[in-house]
Amino acid sequence: MHRGQHPCRSCPLGSGTKSPRRCVNTPGRGRQVGVDLENRSKPPCRIRGFLYARISLDPADRRRGVNRQMSDLRSFVEENGWEVGGEYVENDVSAHSGEDRPEYDRLMADAIEAAREPGVRVIVVGYHPSRVWRRRVERAQAIEDLRNAKCWVAFESGGLFNMVKASDRSQLANLGESDTAESEVKSERVARAALERAQEGRANGPVAFGWRRQYEYDARGQVSGFHDVEDPVQAAVVRDIVTRLLSGASLIGITADLNARGVPAPGAGMRLKRRAVEQNEAGSLWNKTSVKKIALRSANVGLRVHQGVEYKAAWPALITDEQYALLRNLFAERAVVRELPGARKHLLTWGRVATCGPCGSVLRVALKGNAKRGQMKRTYVCDAGGCVGRNEEALDRYVEQVVIRLLSKPGAAEVFRGDDSAALAALERAEGLKARQEAAADDYADGAITREQLRRITARLAKQITEAQNEARRLRPAFDLGAFKGLVGPRSAEAWKALEVPQKRRVLDGLGLRLKVHPVARRGPGFDESTVELGWAGAGA
């Protein structure tokens, strides 16, 4: 720090020591950083050390590294006779990646606040500069903040810096620069290795759910590599999830069934520092998020994704490309129309399968009839103005007859064919148009466009968004027929009756069936089929 013999009487850190100490700035210094009290001419002050420990990687949350650091820091402060102003620990947190460090933020805030107290000298104490700072911007900001607060910085590995002095600030910055350069070189090396693994299709990290890892050994019995193969039990779970989603089952229903059967979730038995809400200690419970993630993984079709680029994976696929495309379309459309299949209780509500003939509104279910005679029955009615009404049971039975007649015909499977790639492109176009709408709103808020311009842009884009969404619905394949055993052919009636309401609705969407319900022409018992107009999506309906 200082050249030659340091005049300890000018050092502000002498007060509070139990015995004469050698100053850290004196050549030949030891571990202790106190000063000779007999040479003190300034009034004594309290010296408070704020201790910070950090480890970058500890996924199992064992905390051994940070505990060792904090133990050494406490000894370091005690040997120098300082008070402990606070302890701050961050485990499994990187200082180079820029992720949030709440304990570091609290450290800086508390240290600066304590420095405002009269007669208090504050020292930020770390194990090594790299444990406190890795990024240039963060270190530079800290140096400036600590300079304004007249704080000091000390490291257990060696070094004491007075932030008031320009020479000390410069030395701390230069010392930290080597840490930053080391992190950047390591980051580049790791990134290059990750790219190489992706290009070769190799897995990055632990084996994924659905596969198991087989290690390869050299002549000396040491691990020379590995490859992932299909795990029969876990792969069956993945395929079951995909099949049930494509058949119209809800995420909530699938999740409940997996947990009821005791199927272990991904990560079961692993030691993790964070677990989802309501997860048990073993980590064996599924939730709808984990079910969805498992179903939509590109790894399922043998793809390895690195920074948005897809590479052919070295592991075997679990599902077909067609199933994967169907799933992506399914969830993309649900995101657009906000459909919740698990909440569906009625076959013809929600969406455009069945509409009111006079006004085009969707249908809802209401109780209609004579309450006094106990004849209140569930009825499909126009959601807008009650233009039409039909007994729910009778209309559902009519739809069932239409569907079974169609599905029992030879070649009925061709009805379900669709252009999944074109459908996905249409949905992506709709999302892009919505992003342009949001950008226009930002431009209006910034004063770049007028209110009238915003209105015109919004109206025009809204029309284009609707057209793109309708095109996607028309083009998308409804589902994988393999998920509906016996649905097409002589057993279609039996297969239809075995389906849940959300699954039946998936069939209607796949067929493209459209119903327009018109007012009845006569009063009396029986269901009047002539008042129901049949049509098909993409055929002018």
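Only heavy atoms go into these numbers, but all of them, side chains included; no hydrogens, no water, no symmetry mates.
Salt bridge status for Arg244 with Asp257: present, with a side-chain N to carboxylate O gap under 4.0 Å. Ionic pairing of Arg54 and Asp92 is not present here: no N-O contact between side-chain nitrogen and carboxylate oxygen is shorter than 4.0 angstrom. Look at Lys434 and Glu438 and you find no salt bridge, because none of the NZ, NE, NH1 or NH2 atoms lies under 4.0 Å from a carboxylate O.
No donor-acceptor contact under 3.5 angstrom links the side chains of Asn67 and Arg64, judged on distance only. For the residue pair Tyr88 and Arg106, no side-chain donor N or O sits within less than 3.5 Å of a side-chain acceptor on the partner. Checked by atom type, the side-chain pair Thr458/Arg460 shows no donor-acceptor distance below 3.5 Å. Checking Tyr380 against Asp396 by side-chain atom types alone, a donor-acceptor pair falls below 3.5 Å. Side-chain contact check for Ser224 and Glu216: no donor-acceptor pair (N or O, by modelled atom type) lies under 3.5 Å. Side-chain atoms of Thr531 and Arg390 include a donor-acceptor pair closer than 3.5 Å. In this structure, a donor-acceptor pair under 3.5 Å is absent between the side chains of Tyr104 and Glu138.
Remark: Ile294 CD1 to Thr289 OG1 distance equals 12.0 Å, nearest 0.5 Å. Separation of atoms CG (Leu363) and CG (Leu395) is listed at 7.5 Å; rounding is to 0.5 Å. Here the CD-CG distance, from Glu322 to Leu246, works out to 11.5 Å after rounding to the nearest 0.5 Å. Between Ser56 atom OG and Arg134 atom CZ the span is 6.5 Å, to the nearest 0.5 Å. Taken from CG in Leu508 to CZ in Arg514, the straight-line distance is 9.5 Å, to the nearest 0.5 Å. Going from atom NZ of Lys368 over to atom CE of Met376 covers 8.0 Å, rounded to the nearest 0.5 Å.
The side-chain heavy atoms of Thr320 and Val301, taken from C-beta on, include no pair separated by under 4.5 Å. Side-chain atoms of Pro502 and Ser250, non-hydrogen and from C-beta on, never get closer than 4.5 Å to each other. Side-chain contact between Phe209 and Val238 is present, with at least one heavy-atom pair separated by less than 4.5 Å. Within the 4.5 Å cutoff, the side chain of Val532 has no heavy atoms near those of the Lys516 side chain. Side-chain contact between Trp315 and Val229: absent, with no pair of heavy atoms (C-beta onward) separated by less than 4.5 Å. With contacts defined as side-chain heavy-atom distances shorter than 4.5 Å, the pair Arg101/Tyr52 qualifies. Residues Leu367 and Thr379 have side chains not in contact (no heavy-atom distance under 4.5 Å, counting atoms from C-beta outward). At least one side-chain heavy atom of Arg63 sits less than 4.5 Å from a side-chain heavy atom of Val89.
Around atom CZ of Arg436, no more than 12 heavy atoms belonging to other residues, nucleotides or ligands sit under 6.0 Å away. Within a 6.0 Å sphere centred on CZ of Arg261, other residues, nucleotides and ligands contribute more than 12 heavy atoms. Heavy atoms from other residues, nucleotides or ligands lying under 6.0 Å from CD of Glu393 number 12 at most.
With hydrogens and angles ignored, the 3.5 Å screen pairs a side-chain donor or acceptor of Arg239 with a backbone N or O of Leu318. For Asp446 (side chain) and Ala448 (main-chain N/O), no donor-acceptor pair under 3.5 Å exists by modelled atom type. Although no hydrogens or angles enter the test, the distance criterion places a donor-acceptor pair under 3.5 Å between the side chain of Trp286 and the main chain of Val263. Using a distance-only test at 3.5 Å, with no hydrogens or angles considered, no donor-acceptor pair links the side chain of Asp231 to the main chain of Ala235. Of the possible donor and acceptor atoms, one in the side chain of Gln503 sits under 3.5 Å from a partner among the backbone N and O of Glu500. No side-chain donor-acceptor contact under 3.5 Å links Ser290 to the backbone of Lys288. Listed for the Asp528 side chain is a donor-acceptor partner under 3.5 Å among the backbone atoms of Ser530.
Listed here is the closest heavy atom pair of Lys377 and Asn391: CD-ND2, 3.8 Å. The nearest pair of heavy atoms linking Ser492 to Leu487 is CB-O, 3.0 Å. Between Val517 and Val388, the shortest heavy-atom distance links the atoms O-CG1, 3.5 Å. Between Tyr215 and Tyr217, the closest heavy-atom pair is O-CE1, 3.6 Å. Across all their heavy atoms, Leu327 and Ala295 have their closest contact at CD1-O, 3.4 Å. Minimum heavy-atom separation, Ser408 to Arg405: OG-O, 3.1 Å.
The side chain to side chain donor-acceptor pair (under 3.5 Å) search around Arg378 returns Glu392, not counting sequence neighbours. Listed by chain and number, the residues in a side-chain contact (heavy atoms from CB on, under 4.5 Å) with Arg456 are Glu452 (sequence neighbours excluded). Evaluation of the ring-ring contact (aromatic ring centres under 6.0 Å, His included) rule for Tyr311 yields no partner, not counting sequence neighbours.
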Please evaluate residues Leu515 and Leu348 with respect to the criterion side-chain contact (heavy atoms from CB on, under 4.5 Å), reporting the C-alpha separation (whole Å), side-chain torsions for both, the decisive distance (0.1 Å), and the verdict. CA-CA 9 Å; Leu515 304 175; Leu348 302 179; 4.0 Å; yes

side-chain contact (heavy atoms from CB on, under 4.5 Å) evaluation trace for Leu245 with Leu251: CA-CA 7 Å; Leu245 285 172; Leu251 288 171; 3.7 Å; yes

Go through it in stages, so that I can follow the logic: the residues are Glu400 and Lys497, the test is salt bridge (Lys or Arg N to Asp or Glu O under 4.0 Å), and I'd like the CA-CA distance, side-chain angles, deciding distance and then a yes or no. CA-CA 9 Å; Glu400 176 183 297; Lys497 294 181 185 298; 2.7 Å; yes

Under the side-chain contact (heavy atoms from CB on, under 4.5 Å) rule, what do Tyr444 and Thr450 come out as? Steps first, then yes or no, please. CA-CA 6 Å; Tyr444 172 69; Thr450 65; 5.9 Å; no

Do Arg297 and Lys292 pass the side-chain contact (heavy atoms from CB on, under 4.5 Å) test, and can you show the C-alpha distance, the side-chain angles, and the key distance before you say yes or no? CA-CA 9 Å; Arg297 296 178 306 177; Lys292 181 178 179 181; over 6 Å; no

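Each of Arg304, Arg212, Arg213 was checked for a salt bridge (charged side-chain N to carboxylate O under 4.0 Å, His left out) with Asp228, and the lone residue meeting it is Arg213.
Between Trp211 and Phe226, the ring center distance fails the sub-6.0 Å criterion.
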